[in-house]
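Note sheet for the following structure.
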Amino acid sequence: MSKGLFANWRFRTTHPTFEPGQRIEVYLTAFDEATGKGEARVGDTILEVEGARADQVDTLVELKVDSFDGQAHRGAARVET
């Protein structure tokens, strides 16, 4: 009985992975004025975001992943307009 009840359950990971070209919606968590780049954290995964603005911090933004290193759990993405 319990096998059927939990058959579709999946555990989330703290290290999600992404594929280049993938579009995702995430919260922008930081912005560095010196580099002009934003940062999005998804669990322990970090994406450096091109085209972000300081006023987008703590807001949901749509990104397109440019590159991703699954071993380092880091990648680069850009804001989709």
For this session: Look up atom CZ in Arg53 and atom OG1 in Thr59, then write down how far apart they are to the nearest 0.5 Å.
Result: 8.0 Å
For this session: Indicate yes or no: does Arg41 engage Glu39 in a salt bridge with an N to O separation below 4.0 Å.
Result: yes
For this session: Sequence neighbours left out, what passes side-chain contact (heavy atoms from CB on, under 4.5 Å) with Glu62? Give chain and number order.
Result: Arg23, Glu25, Glu80
Exercise. Considering all heavy atoms of both residues, which atom of Ala52 and which atom of Leu28 are nearest to each other, and what is their separation?
Worked result: CB-CD2, 3.8 Å
Seminar exercise, completed: In terms of heavy-atom contacts, Ser67 and Pro20 come closest through CA-CG, 4.3 Å
For this session: State, yes or no, whether a side-chain contact exists between Phe68 and Thr17 at a heavy-atom distance under 4.5 Å.
Result: yes
Exercise. Is there side-chain contact between Phe31 and Asp55, with heavy atoms separated by less than 4.5 Å?
Worked result: no
Problem set entry | salt_bridge(Glu48, Arg74) N-O dist < 4.0 Å | no
Problem set entry | Stepwise side chain to side chain contact (heavy atoms under 4.5 Å, CB included) test for Val49 and Leu63 | CA-CA 8 Å; Val49 182; Leu63 304 179; 3.6 Å; yes
For this session: Indicate, with yes or no, if Val79 and Leu47 share a hydrophobic cluster defined by side-chain heavy-atom contacts under 4.5 Å among Ile, Leu, Val, Met, Phe, Trp and Tyr.
Result: yes
For this session: Say whether Val61 and Val65 are linked into one hydrophobic cluster, either directly or through other cluster members, by side-chain heavy-atom distances under 4.5 angstrom.
Result: yes
Exercise. What pairs with Val42 under side-chain contact (heavy atoms from CB on, under 4.5 Å), at least two apart in sequence or on another chain?
Worked result: Pro16, Phe18, Val26
For this session: Report the residues that fulfil side-chain contact (heavy atoms from CB on, under 4.5 Å) with Gln71, sequence neighbours left out, ordered by chain and then residue number.
Result: Asp69
Exercise. Taking atom OG1 of Thr14 and atom NE2 of His73, what is their separation to the nearest 0.5 Å?
Worked result: 7.5 Å
Seminar exercise, completed: Closest heavy-atom pair, Glu33 versus Ala54, reported as atoms and distance to 0.1 Å, is OE2-CB, 3.6 Å
